[in-house]
Structure formats: C-alpha cells, structure tokens
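Let me begin by presenting the structure, written as structure tokens, before commenting on it.
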Amino acid sequence: MSTVPATFDLQGYLAAERPRVDAALDRALGRFADRIHHDLAPAVRHGVRSGGKRLRPVLCVAAYCAVRGGEAPEAAYDLATSLEFIHAYSLMHDDLPCMDDADLRRGAPTTHREHGVAATARGGLVLIPLASLVAWEASERLACTEAVRREMVRALNGAAGAAGMVGGQLLDLDGEGRALDAGALDDLHRRKTGALLTAALTLGALAGGAADDTRAALEAYGRAVGLAFQVADDILDATATAGELGKNPSDEALDKSTYVSLHGLNEARARARSLVDEALTALAGARLEAPPLEALARYVVDRRH
Ligand code: GRG
C-alpha cells in the first residue's frame with residue numbers, strides 16, 4: 001500500500017534536509033565546545049561529521065512537521081541533533097577493536113583508525129551526556145513545557161540504554177557464534193536499532209505537540225520502520241559489495257544470526273516489505289498527511305547503503 005504522491009521527490013527532500021542537519025550538528029559542537037576536552041575534539045568531530053544518511057534527525061524533523069504542518073524551525077533540527085549524537089557515539093564504539101573491529105565506515109577509515117582507540121572511546125562517551133543537554137536546551141527554545149522536555153530526555157535515554165540500544169548491542173555480542181531464533185532476533189534488533197529510530201519519532205511528535213493517539217501512531221510507524229531498517233541491513237550485508245556499503249560486510253565473518261541466515265533472502269525481503277506496509281498503515285490510521293514519512297519508510301528498505 002502506498003499513498004506517497006508520485007511527485008514526491010525524496011532525493012531532493014533528503015538533499016535539502018541533510019545540510020540542515022549538518023548545520024545543526026556544527027551549531028551543537030560549537031555551542032557545547034567547552035564540554036568537549038580539546039584532546040578529544042578531533043575524534044568527536046570525526047565521529048559526528050564524517051557523513052551518514054542522517055536518518056534519525058530527518059525522521060525527527062519530519063514527524064515534527066507532520067504534526068504541526070509547515071517548515072521546521074532551526075531549533076527542531078537542534079533537537080534532532082541529540083539523536084545523531086547518540087548514533088555517532090554508538091558507531092564510534094561499535095567499530096572499536098573490542099567490538100566489531102572495523103577499519104572502514106562510510107567509505108572512509110573509522111574514527112579509531114584516524115584518531116586512536118583511546119580518543120574514540122572517550123570521545124564517544126562525551127557524546128552521551130551531551131545528547132541530553134542538546135535535547136534539553138533545544139526543547140526549551142521550542143517552547144516545550146518542562147514536563148514535555150523531561151519526557152523527551154527520558155525517551156532519548158531509554159532508547160539509548162539497557163532496555164534499548166546498549167541492551168541490543170549486548171545481545172548482539174552475546175549472539176556471535178550462536179543461532180538465535182526468530183523471536184530473539186526481533187528482540188535484539190528492536191532494541192539495538194529500532195529503539196533509537198522510534199525515539200526520533202517520539203521526540204518529533206512531542207516537540208510538535210502531538211495528541212497521544214498521534215504520537216502512538218508515529219511510534220508504531222517508528223517501530224515498524226526500525227525493524228524494516230535492520231532486515232534491509234542484513235539483506236545489504238549479504239548482497240551488496242564493500243564499495244556500495246562503504247564498509248566491509250561483517251555478519252558472516254562474525255558468525256551472526258541475521259534475517260537472511262535465519263529466513264533466506266526471499267523471506268527476508270518479504271518481511272521488509274510487510275514491515276513497510278505496517279508503518280504506512282500506522283500513518284494512515286492516524287490520518288497523518290506526511291509524504292516524507294511515507295517515502296522514508298520505502299527508502300529504508302530500498303536503499304543501497
Ligand atoms: C557497551 C554493549 C555496549 C554497547 C555500547 C556500541 C553500542 C553501545 C551500540 C551499538 C549499536 C549499533 C551499532 C547499532 C547499529 C545501528 C545501525 C543499523 C547503524 C547503521 O545506521 P545507518 O545506516 O548509519 O543509519 P549512517 O552511516 O547512515 O549514519
């Protein structure tokens with residue numbers, strides 16, 4: 001099912017949104033420069049500003065616009081920066097020798113390859129509290145109430161923590177060399193990847209002043225898109241080249257259970273499509289007119305990196 005207007009230009013939309021996100025990341029690194037020890041600043045900058053699709057901030061701002069209509073103010077992009085800070089730290093740490101031991105990300109050397117393990121480990125840690133500070137400060141400029149601002153910071157940290165991304169990463173590391181069943185694989189990825197993607201929708205919805213049912217619909221969309229994203233990631237890891245991916249495929253080398261190893265390529269593709277339909281159904285149920293969110297759901301599974 002798709003209600004995306006044939007005229008919606010996702011590539012043009014992303015080409016306009018990504019520089020706005022990058023500008024917000026630069027603003028945050030500047031505004032909070034005194035919170036980043038100067039020895040760690042190059043590694044932090046590398047982790048935050050070395051490319052990437054900027055999917056989480058883009059989703060956050062798209063949710064804000066879906067709720068409020070019109071264009072998003074600068075502060076909405078500043079709020080969305082908090083999600084990218086958590087994402088950046090997670091990739092810096094994920095690539096470290098004690099985790100995935102990756103040399104390449106986004107077609108370039110990983111942060112620890114450029115700036116060393118110590119600065120990367122510590123710089124990643126600096127980004128965690130900074131993300132909360134960024135969200136707290138930006139949400140004040142968006143004139144959110146204190147209760148809403150607290151809820152945003154709680155949602156961000158919940159998604160980043162043991163019940164979310166960190167917990168998912170632990171399950172992932174634990175699962176290396178073991179066959180996980182379908183339920184365990186879903187649980188792992190709902191935490192590791194899905195929780196932060198869903199938090200992007202939560203923050204955008206809260207900032208936009210969404211009613212509870214609209215927020216719930218956006219979060220249902222986020223959960224479906226989050227899992228679809230990971231199914232697509234597994235398909236890409238199994239089928240794309242290192243050149244396309246900008247990193248070395250690693251699932252097989254690390255002996256990880258994936259949607260492809262568990263279900264096969266065709267079934268994994270069908271699951272990704274059905275999750276996209278689930279996401280679009282959630283939007284339609286809330287009568288949300290949101291062409292960017294509809295197109296982004298499809299993009300998540302159609303992307304080549
Ligand atoms: C101490 C156990 C422990 C964990 C620390 C390292 C870590 C926290 C978490 C890792 C979480 C992780 C690597 C999640 C993967 C998420 C994912 C699919 C990343 C790729 O996202 P894209 O494609 O990346 O959006 P770009 O490059 O576009 O930004």
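When a ligand or atom number is given, it counts from 1 through the structure's own listing order. All of these numbers come straight from a predicted model, not from anything done at the bench.
- The closest side-chain donor-acceptor pair between T198 and E219, if any, does not fall under 3.5 angstrom.
- Every atom of ligand 1 with a heavy atom of M165 under 4.0 Å away is listed here by number and element: 11 (C).
- Counting atoms of ligand 1 from 1 in the listed order, those under 4.0 Å from a heavy atom of H93 are 6 (C).
- Considering backbone and side-chain N/O atoms, R106 comes within less than 3.5 Å of an N/O atom of ligand 1.
- Ranking the protein heavy atoms by distance from atom 16 (C) of ligand 1 puts T193 OG1, 4.0 Å first.
- Stacking of R141 on the aromatic ring of Y77 is not recorded, the 6.0 Å distance cut-off and the 45° axial limit not both being met.
- Looking at T110 and D103, their side chains never bring a donor and an acceptor atom within 3.5 Å of each other.
- Looking at R273 and V301, their side chains never come closer than 4.5 Å, going by heavy atoms from C-beta outward.
- Atoms of ligand 1 found under 4.0 Å from any heavy atom of L170, numbered from 1 in the order shown, are 2 (C).
- Residue-ligand proximity: L55 is placed with every non-hydrogen atom at 4.0 Å or more from ligand 1.
- The option from K53, R191, Q169 that lies nearest to atom 22 (P) of ligand 1, judged by heavy atoms, is K53.
- The aromatic rings of H263 and Y259 lie parallel to each other, with less than 30° between the two planes, well short of the 60° mark.
- The shortest N/O to N/O separation between H87 and ligand 1 falls below 3.5 Å.
- By the 3.5 Å distance cut-off applied to N or O atoms, R56 is counted among the residues near ligand 1.
- Heavy-atom contacts of L91 reach the following atoms of ligand 1: 19 (C) (cutoff under 4.0 Å).
- Using a 4.5 Å heavy-atom cutoff, the side chains of L227 and R190 are in contact.
- Looking at atom 14 (C) of ligand 1, its nearest protein heavy atom turns out to be K192 CE, 3.4 Å.
- Of all the atoms in ligand 1, the ones that sit under 4.0 Å from a non-hydrogen atom of G52 are 26 (P), 27 (O), 28 (O), 29 (O).
- Ligand-side atoms of ligand 1 in range of Y89: 5 (C), 8 (C), range being under 4.0 angstrom from any heavy atom.
- Counting only heavy atoms of the protein, atom 18 (C) of ligand 1 lies nearest to F229 CE2, 3.3 Å.
- Protein heavy atom nearest atom 3 (C) of ligand 1, with residue, atom name and distance: M99 CE, 3.9 Å.
- Under the side chain to side chain donor-acceptor pair (under 3.5 Å) rule, R105 has a single partner from D100, D95, T111, which is D95.
- Side-chain contact between C144 and L206: absent, with no pair of heavy atoms (C-beta onward) separated by less than 4.5 Å.
- For a threshold of 3.5 Å applied to N or O pairs, the pair formed by R105 and ligand 1 contains no separation below that value.
- Protein heavy atom in closest approach to atom 6 (C) of ligand 1: S90 O, 3.4 Å.
- Counting heavy atoms from C-beta on, the side chains of T258 and D237 never come closer than 4.5 Å.
- Set against the non-hydrogen atoms of D94, the atoms of ligand 1 under 4.0 Å away are 6 (C), 13 (C).
- Side chain of R303 to backbone of V300: a donor-acceptor contact under 3.5 angstrom is found.
- The environment of CG in D181 is crowded: more than 12 heavy-atom neighbours from other residues, nucleotides or ligands sit within 6.0 Å.
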